[in-house]
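Read through the structure below, which is laid out as structure tokens, and then see the notes.
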Amino acid sequence: MRQWPAMFIKDFKLTRTVFFIGLVMNVWIAILTLYMGRVADDSLLMFVPIAIAVAIHVAYVPIMVFISLKSEGNHLPLWLSNPQPAFKLLLSKIANGLMMIVISLAFLFALSGLLIVPKFNLIEPYWTDTWRVGLFIFPHIIWISIQLSVWAMVIWALYQCLKLKIGRWSRVAVVGVTILSGGGDALFKTTKLYRLVTEWGGIAYKFPAILSDPIQTYAGEYVYDFMIVVGLFILTAWLVDNKVEG
Amino acid sequence: MDEFNASKPIYLQLADRIHRQIISGELKAGEKLPSIRDMGIKYSMNPNTVQRAYSELEREGILETKRGQGTFVSERQDHLVLQRDKLKHEQIGQFVHVMQEMGYSAAEILSGLEQYLNNIEKGDE
Amino acid sequence: MSDVIRMTNVTKKYINQTVLKDISFAVPIGKIVGIVGGNGSGKSTLLRLMSGLSLPTSGSVTVNGETANRRTGKVVSYSSELGSFYPIFTVKEAMRFQASQFADFNLAKADEIMKLMQLDPHMKIKALSKGHRGRLQIVLTLAREAPYILMDEPLSGLDPMVRESIVKGMISYVDLNSQTLIMTSHEVAEIETLIDGFVALKGGSLLRMADVDELHESEGLRITDWMKKTYI
């Protein structure tokens with residue numbers, strides 16, 4: 001078999017148990033929704049569990065990537081002595097997370113779709129906006145999840161580098177770096193400079209039936225986030241290739 | 001592995017062993033020896049060491065390597081006879097040296113040896 | 001002459017502990033070399049540095065002229081002491097995976113060694129005993145036709161029968177015309193007839209590097225006796 005596909009399948013096998021557990025949990029969410037629909041039959045409350053489940057998916061890819069890296073950590077020489085460059089090894093893990101989150105979310109949306117059919121009268125006035133919101137949320141959840149997964153990777157790689165150099169302080173150091181850079185990022189996003197750099201290509205998404213205010217997005221923000229993610233990814237790959245020891 | 005224990009380089013010990021097998025007739029003139037790798041596997045020994053042992057014996061004219069065919073016991077019987085005598089001489093020399101060091105006379109050594117050999121012969125029957 | 005693993009003034013520290021001190025030597029192609037020394041003498045660390053999995057605190061490690069890092073794995077087939085496997089695989093799957101990742105992995109050779117080692121291809125790695133894991137490690141490491149094969153304690157903790165088949169495997173499947181085998185061992189007697197030369201470590205320092213025959217000629221000693229004399 002080809003090198004990268006074989007790697008991808010191996011990475012799938014590393015986290016498939018968690019993946020299947022996730023799917024089973026989706027089914028449980030659907031059952032819970034069904035149950036709530038019976039109990040409180042006249043409200044949109046029944047869709048709260050699904051909404052929560054969808055929101056929780058932002059943590060999906062980072063969790064998968066982290067579990068995958070953690071299991072590589074049990075036999076690090078094996079992973080590190082692989083002849084492929086680190087960016088390919090890491091990309092395989094992200095690609096796996098991406099595939100799994102797409103399947104999991106699609107599954108959840110499909111289940112909620114099935115549940116909506118008999119209750120269609122409840123949401124009929126909101127219908128157009130509901131599926132448009134769904135369409136808006138779907139890629140955004142995935143995109144945020146991917147961003148977080150890159151953060152998970154860089155934190156893992158940083159920890160691997162530091163633990164041989166400063167020992168037990170490495171956890172503290174990694175947490176410190178994470179808080180500082182997360183805080184720094186948040187702080188930077190409030191500055192004028194950030195707005196200057198990113199506020200272009202604006203689109204306002206209007207969902208009048210559900211939200212009173214439109215959601216304002218800027219292409220510049222996506223570009224900014226994308227650049228940060230690519231930068232972090234390159235940093236992680238460099239750390240794995242040059243600094244992590246097995 | 002455990003058979004190679006004396007404080008002599010291992011390649012020389014292997015060379016000695018092959019040499020003795022030729023003298024005893026276990027290996028016949030013209031017979032093909034195992035390849036270096038097979039010999040290594042047989043004695044759990046580094047092929048480089050086997051190679052050195054073979055080279056040593058080749059240098060002495062006891063073995064010869066034919067290109068692309070392998071290593072053989074030399075066909076030159078006269079050489080073997082000479083080697084056989086040489087080895088006998090060496091071994092007896094060592095034995096006598098030790099005996100003399102311990103103060104045995106020539107007659108004592110001779111009679112002792114005779115008796116010993118007679119015993120072995122009887123034991124065989 | 002660049003086909004060597006070369007260490008130049010290599011020192012390795014972990015946190016505050018110095019594991020290796022100022023080590024310099026080179027190993028060319030075509031040798032079987034033992035790294036010997038007591039527990040904690042730095043044998044495993046030295047091997048990992050040669051594989052590029054560990055990085056020196058100071059000094060340099062080069063493999064075929066290039067500074068060793070994890071990408072050195074392309075020319076070095078390394079096996080760790082406890083064995084590194086994906087437990088999700090069966091024996092056969094593990095072999096296939098290695099074959100997909102390493103261009104120099106010879107699947108036919110792996111099959112042969114697997115038979116010699118009497119491994120069941122359908123066994124789950126999770127369920128393998130320590131001895132069987134040791135054998136699988138041999139299969140996966142020796143089936144690569146890499147210039148350098150580095151094995152950390154390949155014989156330790158295994159019963160004599162397994163040890164013998166592993167030694168036979170090494171002799172059969174390492175081609176000294178194009179490969180070098182470097183292994184660590186705390187039982188020197190075990191590998192004495194197998195090695196051309198040795199690197200002796202004590203407390204992280206290089207005590208001696210020599211050919212086994214050279215030691216015989218200069219000191220009239222076998223390496224086991226030399227070690228007893230030197231280490232006590």
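Taking CG of A/Leu78 as the start and CG of C/Leu53 as the end, the distance is 10.0 Å to the nearest 0.5 Å. Taken from CD1 in A/Ile166 to CD1 in C/Ile15, the straight-line distance is 8.5 Å, to the nearest 0.5 Å. A distance of 11.5 Å separates CG of A/Leu80 from CZ of C/Arg71, quoted to the nearest 0.5 Å.
Heavy atoms from other residues, nucleotides or ligands lying under 6.0 Å from NZ of C/Lys109 number more than 12. For CG of C/Asp159, the number of neighbouring non-hydrogen atoms (other residues, nucleotides, ligands) closer than 6.0 Å is greater than 12. Residue A/Tyr222 places its OH atom among more than 12 non-hydrogen atoms of other residues, nucleotides or ligands, all under 6.0 Å distant. Within a 6.0 Å radius of NZ in C/Lys92, other residues, nucleotides and ligands contribute more than 12 heavy atoms. At most 12 heavy atoms of other shown residues, nucleotides or ligands fall within 6.0 angstrom of atom CZ in A/Phe226. Enclosure of atom NZ in A/Lys189 by more than 12 non-hydrogen atoms of other residues, nucleotides or ligands within 6.0 angstrom is indicated.
Taking the six-membered ring where the residue is Trp, the centroids of A/His75 and C/Phe85 are separated by 6.0 Å or more.
Heavy atoms of C/Tyr14 lying under 4.5 Å from chain A belong to its backbone as well as its side chain. Heavy atoms closer than 4.5 Å to chain C are found nowhere in A/Leu76, neither backbone nor side chain. The part of A/Val244 that comes within reach of chain C is its backbone (N, CA, C, O), which places non-hydrogen atoms under 4.5 angstrom from that chain.
Closest approach of C/Phe102 and A/Pro83 over heavy atoms only: CE2-CD, 3.3 Å. Contact record, C/Leu55 with A/Asn242: CD1-O, 3.1 Å, taken as the closest heavy-atom pair. Summarising the geometry of C/Asn69 relative to A/Asp241, their closest heavy-atom pair is CB-O, 4.0 Å, with the distance given to 0.1 Å. The two residues C/Tyr78 and A/Pro77 come nearest to each other via the heavy atoms CE2-CB, 4.0 Å.
Between the A/Gln3 side chain and the C/Gln101 main chain, a donor and an acceptor come within less than 3.5 Å of each other.
Across C/Arg48, C/Lys12, C/Arg70, a single residue satisfies salt bridge (charged side-chain N to carboxylate O under 4.0 Å, His left out) together with A/Glu245, and that is C/Lys12.
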Q: Could you walk me through whether A/Glu72 and C/Tyr86 pass the side chain to side chain contact (heavy atoms under 4.5 Å, CB included) test, one step at a time?
A: CA-CA 8 Å; A/Glu72 298 287 3; C/Tyr86 289 112; 2.7 Å; yes

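Each of A/Lys165, A/Lys163, A/Arg16 has some count of heavy-atom pairs under 4.5 Å with chain C, and the biggest count is that of A/Lys165.
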